[in-house]
Amino acid sequence: MKVLIVGSGGREHAIAYCVSKSDRVDKIYCTPGNAGIAEYAECAPIGAMEFDKIVAFAKEKAVDLVIVGMDDPLVGGLVDELEAAGIRAFGPRKNAAILEGSKAFSKDLMKKYHIPTAAYENFTDPEAALAYLETAKFPIVLKADGLALGKGVLICNTLEEAKEGVKTIMQDKKFGSAGDEMVIEEFMTGREVSVLSFVDGNTIRTMTSAQDHKRAGDGDTGLNTGGMGTFSPSPFYTKEVEDFCNKYIYQATVDAMKAEGRPFKGVIFFGLMLTEEGPKVLEYNARFGDPEAQVVLPRMKNDIIEVAEACIDGTLDQVDLQFEDNAAVCVVLASDGYPVAYEKGYKITGLEEFKKHEGYYCFHAGTKFDKDAIVTNGGRVLGVTAKGKDLKEARANAYAAAEWVKFDNKYMRHDIGKAIDEA
Ligand code: AMP
Ligand code: GLY
């Protein structure tokens, strides 16, 4: 069969790698893709929000299945448009992708169906938000309702900071229309765990756990980024935590979406915080996490096409989802200066090393071809993933492999997975 992947990051590269391993697939396309994805897929320069062009491309190439990796096209309804044109697509429809597309929606859903999450209020009026803050407890968390490239969350320590935050989100519209509505939420403390899952509308199968490192600098300092590295599994995701989430969070979310007339098919990403009162949902995403996918997918034993089709067909209950009994660590190699300002266009060397070593992967996030060379083309450039028998070994392997790759303003964190020493 022919498969089209929509997206251009490390997540889509990890998806393309899994798709390439499927016996069922003989041709892979990717829009727009990147220089790493091009190893497995024929890439076409079509933007992820150019729905008409994507539909036309899928028809022209007689694509059998489209896998949408990114949040924006999912929230915008790409799956609906593909289905309307008779093309099978993996990912939630627009009315279900709202689980990620609107934080106000997801908070109300959790409240209505008693799914544990931080206490909150939603606001469409900045004056009402400001009045609420006058009597609130600090720190407090402000969240732009819509998609904001992972940047729409402000943790405010004082009333002054929070007032400034309301101005930034709702009045100055720093995140555009994502700030038309805002969630003000109780600040929680605890370890964060990401759990991705496959969902077919009724059945949910969770994948192995992972943890992201969102801040730019070592020791969780500096600005929030798209993710500087991940490890999987999380040693903090114990059997007890898993049992709790199975009972109160995972199936409850799938059932809630179904009850709302918004059956969810695709990947639900549960961003969890393990608080003293038990696990609570920080956020939902409607897709694989990035860079979580870069440590989770290489450990998956199943054929990704079979799982994706089971989600579409509603037969996920017949799938025995299995992961390798090992660990993986991903270290993101970024351009120095990310996430603020950085230079691009530097030649990358050392990529061929990954061909020589089993259990090592170099997923491209921001790269492109420049004649025969591969050059940097973004803030996050590469995700270097290595497996190991346990997290410690995987971390040592990933950091060794990170040295194979060279480019002029290479930057990485040196403490990805360090938290496992405390487990
Ligand atoms: P989100 O996009 O909702 O996952 O938020 C991004 C990050 O902000 C999370 O990964 C947490 O580190 C932090 N965060 C979000 N909500 C809260 C909260 N209620 N309490 C503490 N930290 C939070
Ligand atoms: N790594 C967090 C995300 O994909 O949203």
Side-chain angles (χ1 to χ4, degrees), residues 7-9 11 47-49 68-78 92 94 97-110 117-118 120-133 136 138-188 192 194 212 214-216 222-228 269 271 273 281-287 289-291 334 337-342 365-366 378-380:
S8 61
R11 163 183 48 215
M49 295 307 284
V68 184
M70 295 169 71
D71 45 2
D72 282 298
L74 288 168
V75 170
L78 176 56
K94 185 174 181 169
I98 190 175
L99 192 60
E100 170 164 9
S102 167
K103 290 190 192 286
F105 169 86
S106 71
K107 294 297 295 189
D108 286 347
L109 185 88
M110 287 186 266
T117 189
Y120 75 102
E121 293 285 338
N122 294 338
F123 295 91
T124 48
D125 172 14
E127 294 306 325
L130 290 168
Y132 175 85
L133 287 169
F138 292 88
I140 202 156
V141 185
L142 310 188
K143 298 185 173 186
D145 173 58
L147 295 181
L149 299 167
K151 301 199 174 95
V153 175
L154 305 178
I155 295 174
C156 304
N157 289 307
T158 62
L159 177 60
E160 283 61 45
E161 270 178 55
K163 283 180 168 169
E164 197 53 39
V166 174
K167 185 167 178 299
T168 304
I169 293 175
M170 298 193 91
Q171 289 166 324
D172 298 347
K173 294 278 161 97
K174 180 158 176 221
F175 310 107
S177 60
D180 290 349
E181 188 162 6
M182 192 178 75
V183 178
I184 301 187
E185 161 174 304
E186 165 205 8
F187 177 77
M188 303 188 287
E192 287 184 42
S194 303
D212 189 6
K214 287 204 169 96
R215 301 292 202 94
L223 294 171
N224 256 323
T225 70
M228 293 301 294
F269 166 139
M273 189 171 268
V281 177
L282 274 172
E283 64 161 345
Y284 292 117
N285 294 316
R287 49 165 176 89
D290 194 3
Y338 171 72
V340 183
Y342 48 84
R380 287 191 295 175

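Numbering of residues begins at 1 and proceeds along the displayed sequence.
Between L154 atom CG and N224 atom CG the span is 9.5 Å, to the nearest 0.5 Å. Note that CE of M70 and OG of S8 are 5.5 Å apart. Values are rounded to the nearest 0.5 Å. Rounding to the nearest 0.5 Å places CE of M273 at 6.5 Å from CZ of F187. To the nearest 0.5 angstrom, E192 atom CD is 8.5 Å from D212 atom CG. Going from atom CG of L149 over to atom CZ of F175 covers 9.0 Å, rounded to the nearest 0.5 Å. Distance check, rounded to the nearest 0.5 Å: CZ of R287 to CG of L74 gives 9.0 Å.
Residues satisfying the side chain to side chain donor-acceptor pair (under 3.5 Å) test with S194, not counting sequence neighbours, are E292. Under the side chain to side chain donor-acceptor pair (under 3.5 Å) criterion, D108 pairs with Y120, N122, not counting sequence neighbours. For T117, the side chain to side chain donor-acceptor pair (under 3.5 Å) partners at least two apart in sequence or on another chain are K107.
G227 and P291 get closest at one heavy-atom pair: CA-CD, 3.9 Å. Between A162 and I140, the shortest heavy-atom contact is CB-CG2, 4.3 Å. Pairing each heavy atom of L142 with each of V166, the nearest pair is CD1-N, 3.6 Å. Shown here for G226 and R380, the closest heavy-atom pair between the two residues is O-NH1, 3.0 Å. Contact between A48 and P73 at its shortest, heavy atoms only, is O-CB, 3.4 Å.
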E100 vs F269, side-chain contact (heavy atoms from CB on, under 4.5 Å): CA-CA, chis, key distance, verdict: CA-CA 9 Å; E100 170 164 9; F269 166 139; over 6 Å; no
Using side-chain contact (heavy atoms from CB on, under 4.5 Å), reason through E283 and K103 one step at a time and then give a plain yes or no. CA-CA 8 Å; E283 64 161 345; K103 290 190 192 286; 3.7 Å; yes
Walk me through whether D71 and N285 qualify under side-chain contact (heavy atoms from CB on, under 4.5 Å). CA-CA 8 Å; D71 45 2; N285 294 316; over 6 Å; no
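The stretch residues 164-175 participates, sequence neighbours left out, in these salt bridge (charged side-chain N to carboxylate O under 4.0 Å, His left out) pairs: K167-D172, K173-D180. For residues 139-161, the pairs satisfying side-chain hydrogen bond (donor to acceptor under 3.5 Å, both in side chains) are S102-D145, K143-E185, with sequence neighbours left out.
Counting only distance, with no hydrogens or angles, the side chain of T225 and the backbone of R215 share no donor-acceptor pair below 3.5 Å.
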List, one per line, each side-chain donor-acceptor pair under 3.5 Å for residues 123-132, sequence neighbours excluded.
{"residue": "D125", "atom": "OD1", "partner": "E127", "partner atom": "N", "Å": "3.0"}

